[in-house]
Every structure is written in structure tokens, then in C-alpha cells.
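Counting begins at 1 with the first residue of the sequence. Just the heavy atoms: all of them, side chains too, but no hydrogens, waters or symmetry mates, feed the values below.
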Amino acid sequence: MPSALPDGEPVPGDGALPASALDGAADRPLGFYLHVPYCATRCGYCDFNTYTATELRGTGGVLASRDNYADTLIDEIRLARKVLGDDPREVRTVFVGGGTPTLLGASDLVRMLGAVREEFGLAADAEVTTEANPESVDPAYLTALREGGFNRVSFGMQSARQHVLKVLDRTHTPGRPERCVAEARAAGFDHVNLDLIYGTPGESDDDWRASLEAALGAGPDHVSAYALIVEEGTQLARRIRRGEVPMTDDDVHADRYLIADEVMSAAGFDWYEVSNWATSRAARCLHNELYWRGADWWGAGPGAHSHVGGVRWWNVKHPGAYAAALAAGRSPGAGRELLSDEDRRVERILLELRLREGAPLDLLRPAGLTASRRALGEGLLEGGPYDEGRAVLTLRGRLLADAVVRDLVD
């Protein structure tokens, strides 16, 4: 089931932000994340804030219905306009995620995007993305999205091997994600991403290479590859605990990551974030870069998180509670926190170090600088960028990114 929300102070009923949150806002990009919390089935590894029809039955009534969800989310977009007041920024990125956003009709997704455009305006070169499950779209659906203003789509492929998909409880068949790429290109999409997962119990090195080769052969310009994380409370965690499937160890994850970087580099894909590769700068996911660079974004939808000017908040999780709050004219915010200068310094190191451009060394305290020199000597940081004042991970450093971050934030 979905993980728990963090603790925090209450969000005002009208969602108002401290005046300081918009200081210097003109210098920061603004993005929107639109969360669609519905899935046809729950994948065994997933602990995202998503719900199947069975899980919602009797718990939210008409307020939790997929049929009127777009209208409810548009209410929050309008609330965002009120909260941000006369903030003049046009929206630089919109990312529709889930869940499975494409369980809604294409017209619903286009209407949600239209509300962002109407209330805030979209930058002329705005990136507009939706996630999609391969079995939930067809050529007509993709064409409707493209004509409605979407220019990037991200398909959940996970693996090209049927036995791996089965362990993950994925319902699409091998080959369908690759056909989706061709359909998206035919519909006129500029940028197409495929999401892959490595380290699934029962997956071999050959399985992983086959998945990479199938993904790259389909012709996307962006690939994301994530190590499988077994979250407590998921069906997969219970299966591992019962001994039905084996747990994948960290050494296997490291080997699979090295394979991924080797295969993708050979195909002309460059890493720009630890888990993301693109064929060019234009093919990078700009929306995710907003997160990694600490810019501003409004997350609309149940359980969605937002950040504006050092204020971070999160919505109530259940679709029924979310819809009820908006119907009553209240913010759906469940809690928030005001980030201190130290919080923001630590988060910059944690997030920017994952990027190809790295993190500025002047963010580090004396202990962190000492640790950075040690990391340099151990081959975890690149020498050239270090001499220019930036900590940039080597390939070996990417394998140990979490440990490097822990040392550098001291």
C-alpha cells in the first residue's frame, strides 16, 4: 500500500504561503506536476499513492470517481493561481504522472493541461509530459494528446522478458512498449522515454541486456533505468519474505548498472543524472531537472508534493478526502515545512551531486571538503571538474552515490 506522508505543520485552509516564498521567484522556473492516482491493477513492487477500483470501492463515493477527477484537479490548479497571486511566471514544464494517467480519457488530460495554460500561461518552449502504460494507449489516443499540446511521453517498459514482467505484476506483453514508441513518433511526439527496472528477482544479466537492447532498438531519445527497491508493505516484499522469490543483492544491482551505462553509451546515450540517459540536451527531462535543481513546482492531486521558495507541502493522500477538501473550498494540503538555509544546502548537495554537472564545492563545510578530497583520491570524483570547483561523480562514484553524498554533507 502507499507509504505514509511525512509529519509537518498544518497548511492554512486557504493554502496561503509565507510572503518570503515568492522572493526572487522571477529567477526560478515554475513547473506543475499533475498526479492521477488510478491504476487498473497494483504492481507488486509499487508503494506509490495509487488506487485500483477495488481499493476505492466504498471509501470515497462519487468524490473518488475517475469520471470527475479532471474537474477536481482543475479546482486545485485554480487554487494555485489564487495562492501564487500575481506571480507573473509562465509554466516551464508540466508532468502528468501516477498511477496510470492514461486510464483517464485523452480529453481529460488535455483539459487539465488547458487549465494550467489558462491560469498561468505556458512558456513558448514548455515541456509537457505524460506517463503512460503501454496497454493503456493506442494511436488515436496518442494523436489526441499530441494535438492537445503534449510533446513528451514516458512509457513504463520495465523489462523485455515475460518472466521478469510477471514477477513485477506488469500486465503488458513484451514488444508492446517498443510499438508504443513508434506510435508516439507517428503521432508527432518530439521526445519519448522508456522506463526500465533492473534487479528484479529471477532476472539474469542476459535478460537485462536484452531489455536494454530492445528499448534502444525502439528509437526513444531518453531512457531511465532504476534499481528495483523492495518497499515494505508491498506484495513483492511479502513474496520475498515468504521465500517465493529471491532478494537481489547490491552487487547484482552494481553489475546491472555498469551494463546499462556500457550499452547506452555505445548507443549514443549520455548520462545526465545517475538513473537517466539522453541522446542530447534537448532530450533531457526538464521537469525532473526542476526537482534536482530545487526550482519551484506545484504538485496537484492526492498525495502530491509541492515546493515554492523554500516551502514544501504535501496533499492528503486519499482521492475522496482530496476531492472533499476542494469541494468545500479548502486547500487539500495535509502538512508543510519551511526549509532552513541548512536544509536547502544539504538538499542541493544531495540532488545536484546526482547530475552530470555535479555540485559546487563551495556548498561543502570543512568536513565535507575533506571528504571530497578523499573521494577524489579514491576515484569517486572527476579530477578536471574538481579543479574547477565542482564535485562530479565518476562511473564508480555513481555506483556509490549515496555513500558519497553522506560524506559530503557533513
Side-chain angles (χ1 to χ4, degrees), residues 2-3 5-6 11 15 17 21 25 28-39 46 48-51 69-70 72-81 83-84 87 89-104 108-123 126-132 145 149-154 156 191 193 195 222 224 273 276 284-309 311-317 319 322 326 331-337 347 351:
S3 55
L5 289 172
V11 174
L17 295 170
R28 302 189 301 267
L30 174 65
F32 262 79
Y33 172 73
L34 310 180
H35 185 65
V36 178
Y38 305 108
C39 281
C46 180
F48 293 168
N49 190 47
T50 62
Y51 302 84
Y69 181 74
T72 302
L73 189 132
I74 287 169
D75 285 343
E76 188 179 359
I77 294 170
R78 291 172 177 155
L79 172 67
R81 177 73 278 175
V83 170
L84 296 179
D87 182 345
R89 290 176 292 176
E90 292 182 321
V91 171
R92 181 69 184 83
T93 67
V94 179
F95 193 104
V96 186
T100 306
T102 44
L103 283 181
L104 300 185
D108 281 345
L109 300 192
V110 170
R111 285 199 301 120
M112 288 154 51
L113 174 61
V116 175
R117 183 188 293 111
E118 178 182 340
E119 296 294 339
F120 290 87
L122 292 176
E127 175 192 87
V128 183
T129 305
T130 187
E131 294 179 333
L145 288 181
F150 286 79
N151 53 31
R152 186 175 185 276
V153 60
S154 178
H191 303 295
N193 172 64
D195 274 346
H222 189 288
S224 301
E273 191 274 341
N276 290 272
R284 295 180 177 187
C285 180
L286 301 180
H287 185 81
N288 282 345
E289 287 192 312
L290 292 188
Y291 297 155
W292 296 323
R293 298 188 185 281
D296 290 350
W297 70 89
W298 189 292
H305 286 56
S306 303
H307 171 265
V308 175
V311 182
R312 182 162 53 216
W313 70 96
W314 44 92
N315 287 343
V316 294
K317 295 181 67 171
Y322 169 78
L326 287 164
S331 165
R336 75 179 187 185
E337 59 182 339
E347 290 195 0
L351 295 172

| message | Test side chain to side chain contact (heavy atoms under 4.5 Å, CB included) on Val153 and Thr129; report intermediate values, then the result. | response | CA-CA 5 Å; Val153 60; Thr129 305; 5.9 Å; no

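- Separating the OH atom in Tyr33 from the NE2 atom in His287 is a distance of 8.0 Å, to the nearest 0.5 Å.
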| request: Using the side chain to side chain contact (heavy atoms under 4.5 Å, CB included) rule, take Leu113 and Phe150 through it: C-alpha gap first, then chi angles, then the decisive distance, then the call. | output: CA-CA 8 Å; Leu113 174 61; Phe150 286 79; 4.0 Å; yes

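- Under the 4.5 Å side-chain criterion, counting only non-hydrogen atoms from C-beta, His307 is not in contact with Glu347.
- Closest non-hydrogen pair, Ser224 versus Asp195, comes out as CB-OD1, 3.1 Å.
- In terms of heavy atoms, Val91 sits closest to Gly31 at CG1-CA, 4.2 Å.
- Scored by the side-chain hydrogen bond (donor to acceptor under 3.5 Å, both in side chains) test, Thr100 finds Asn133 as partners (sequence neighbours excluded).
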| said: For a side chain to side chain contact (heavy atoms under 4.5 Å, CB included) check, start with the C-alpha distance between His222 and His191, then their side-chain angles and the critical distance, and finish with the verdict. | reply: CA-CA 8 Å; His222 189 288; His191 303 295; over 6 Å; no

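- At least one side-chain heavy atom of Val94 sits less than 4.5 Å from a side-chain heavy atom of Leu34.
- Here Arg92 contributes atom CZ and Glu127 contributes atom CD; the two are 7.0 Å apart, rounded to the nearest 0.5 Å.
- Note: Leu290 CG to Thr93 OG1 = 4.0 Å, rounded to the nearest 0.5 Å.
- Using a 4.5 Å cut-off on side-chain heavy atoms (C-beta onward), Trp314 and Val11 make no contact.
- Under the side-chain hydrogen bond (donor to acceptor under 3.5 Å, both in side chains) criterion, Asn151 pairs with no residue, sequence neighbours left out.
- Among all heavy-atom pairs drawn from Ala132 and Thr102, the shortest one is CA-OG1, 3.6 Å.
- Arg284 has a carboxylate O that lies under 4.0 Å from a charged side-chain N of Glu289, or vice versa, which qualifies the two as a salt bridge.
- In this structure, the separation between CZ on Arg117 and CD1 on Ile77 is 11.0 Å, given to the nearest 0.5 Å.
- Not a single side chain to side chain contact (heavy atoms under 4.5 Å, CB included) links Glu118 to another residue, sequence neighbours left out.
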| message | Working note: Met112 + Leu73, criterion side chain to side chain contact (heavy atoms under 4.5 Å, CB included); need CA distance, chi angles, decisive distance, verdict. | response | CA-CA 7 Å; Met112 288 154 51; Leu73 189 132; 4.0 Å; yes

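- The minimum heavy-atom distance between Pro319 and Pro37, with the atom names listed, is CG-CG, 4.0 Å.
- Proximity of the aromatic rings of Phe32 and Phe95 is defined here by a centroid distance below 6.0 angstrom, and this criterion is not met.
- Rounding to the nearest 0.5 Å places CG of Leu17 at 6.5 Å from CG of Leu84.
- Using a 4.5 Å heavy-atom cutoff, the side chains of Tyr69 and Leu104 are in contact.
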With a cut-off of 3.5 Å and sequence neighbours excluded, list every side-chain donor-acceptor pair involving residues 296-305.
| from | atom 1 | to | atom 2 | distance (Å) |
| --- | --- | --- | --- | --- |
| Asp296 | OD1 | Arg28 | NE | 3.1 |
| Asp296 | OD1 | Gly309 | N | 3.0 |
| Asp296 | OD2 | Arg28 | NE | 3.0 |
| Asp296 | OD2 | Arg28 | NH2 | 3.0 |
| Asp296 | OD2 | Arg89 | NH1 | 2.9 |
| Asp296 | OD2 | Arg89 | NH2 | 3.3 |
| Trp297 | NE1 | His305 | O | 3.0 |
| Trp298 | NE1 | Glu76 | OE2 | 3.0 |
| His305 | ND1 | Gly303 | O | 3.1 |

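- Residues satisfying the side chain to side chain contact (heavy atoms under 4.5 Å, CB included) criterion with Leu351, sequence neighbours excluded, are Trp292.
- From Ile74, atom CD1 reaches atom CG of Leu79 across 13.5 Å, with rounding to the nearest 0.5 Å.
- You'll find the side chain of Glu273 stays beyond 4.5 Å of the side chain of Asn288, heavy atoms only.
- Between Phe120 and Glu90, the closest side-chain pair of non-hydrogen atoms is not below 4.5 Å.
- In this structure, Arg152 and Cys285 approach most closely via the heavy-atom pair NH2-CB, 3.5 Å.
- Every residue two or more places apart in sequence or in another chain was checked for a side-chain hydrogen bond (donor to acceptor under 3.5 Å, both in side chains) with Glu131, and none qualifies.
- Of all heavy-atom pairs between Val311 and Ala21, the closest is CG2-CB, 3.9 Å.
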